[in-house]
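Here the structure is laid out as structure tokens; the discussion comes afterwards.
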Amino acid sequence: MLFNSAAQAATGSEDGKAIFDKNCSVCHSIMPPPKTAPPITPLASRYHQRFTTKKDGVNHLAAYLKAPEKNKAIEPQAITRFGMMPALNLPDSELRAVAEWVWDQYNPNMGMGRGMGMGRGMNQQ
């Protein structure tokens, strides 16, 4: 196993950003506009809306990444728009690491995933 840092080697932790870059960034951007799948920052906002703890949010996302199902999607409209994502054939430790990284991409200054217009449209006050 290769480690990106001495800290990773000591803890055995995976690098969620590196896993995202290698396996997810082809379809997902971090910030809008989207590529061929929803951007990560708004998805992180949805997870923070739905789950009150990081543990619950990360557990849900890791399970979803392993076996995506429409009825378990945090944002069903994304499936309508982009289609169902494929299951990620990654070890559970990597699924958890990328799920933790996604959770941490939440930016409270961006609102809760409704865009800059906060549901009012960009040109309305």
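Computed from a predicted structure; not experimentally measured. No hydrogens, no waters, no symmetry mates; every other heavy atom, side chains included, goes into these values.
Applying the side-chain hydrogen bond (donor to acceptor under 3.5 Å, both in side chains) definition to pairs two or more places apart or across chains, those involving residues 17-33 are Lys17-Asp21. Applying the salt bridge (charged side-chain N to carboxylate O under 4.0 Å, His left out) test to every pair with at least one member in residues 62-73, sequence neighbours left out, gives these pairs: Lys66-Asp92, Glu69-Lys72. Residue pairs meeting the ring pair (Phe, Tyr, Trp, His ring centres under 6.0 Å) criterion with at least one member in residues 72-102, sequence neighbours excluded: Phe20-Trp101.
Between Ala97 and Ile19 the shortest heavy-atom distance is CB-CD1, 3.8 Å. The two residues Ala73 and Ile79 make their nearest non-hydrogen contact at CB-CD1, 3.4 Å. Residue Val98 comes nearest to Cys24 through the heavy atom pair CG2-SG, 4.3 Å, listed as atom of the first residue, atom of the second, then distance. Looking at every heavy atom in both residues, Val26 comes nearest to Thr36 through O-OG1, 4.5 Å. In plain terms, the two heavy atoms of Val102 and Ala44 that are nearest each other are O-CB, 3.2 Å.
Applying the salt bridge (charged side-chain N to carboxylate O under 4.0 Å, His left out) rule to Lys35 yields no partners; only residues at least two apart in sequence or on another chain are considered. Residues meeting the ring-ring contact (aromatic ring centres under 6.0 Å, His included) test with Tyr47, sequence neighbours left out: Phe51, His60. Taking the salt bridge (charged side-chain N to carboxylate O under 4.0 Å, His left out) definition, one finds that Lys54 meets it with Asp104, sequence neighbours left out.
In this structure the side chain of Pro68 reaches within 4.5 angstrom of the side chain of Met85, judged on heavy atoms. Residues Pro32 and Pro42 have side chains in contact (heavy-atom distance under 4.5 Å, counting atoms from C-beta outward). Taking 4.5 Å as the limit, every side-chain heavy atom of Gln105 sits out of range of all side-chain heavy atoms of Ser45.
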Would you sort out whether Asn59 and Arg96 count as a side chain to side chain contact (heavy atoms under 4.5 Å, CB included), showing the intermediate values? CA-CA 7 Å; Asn59 287 344; Arg96 182 161 189 80; 2.7 Å; yes

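Considering CD1 of Ile40 and CG of Leu43, their distance stands at 5.5 Å, rounded to 0.5 Å.
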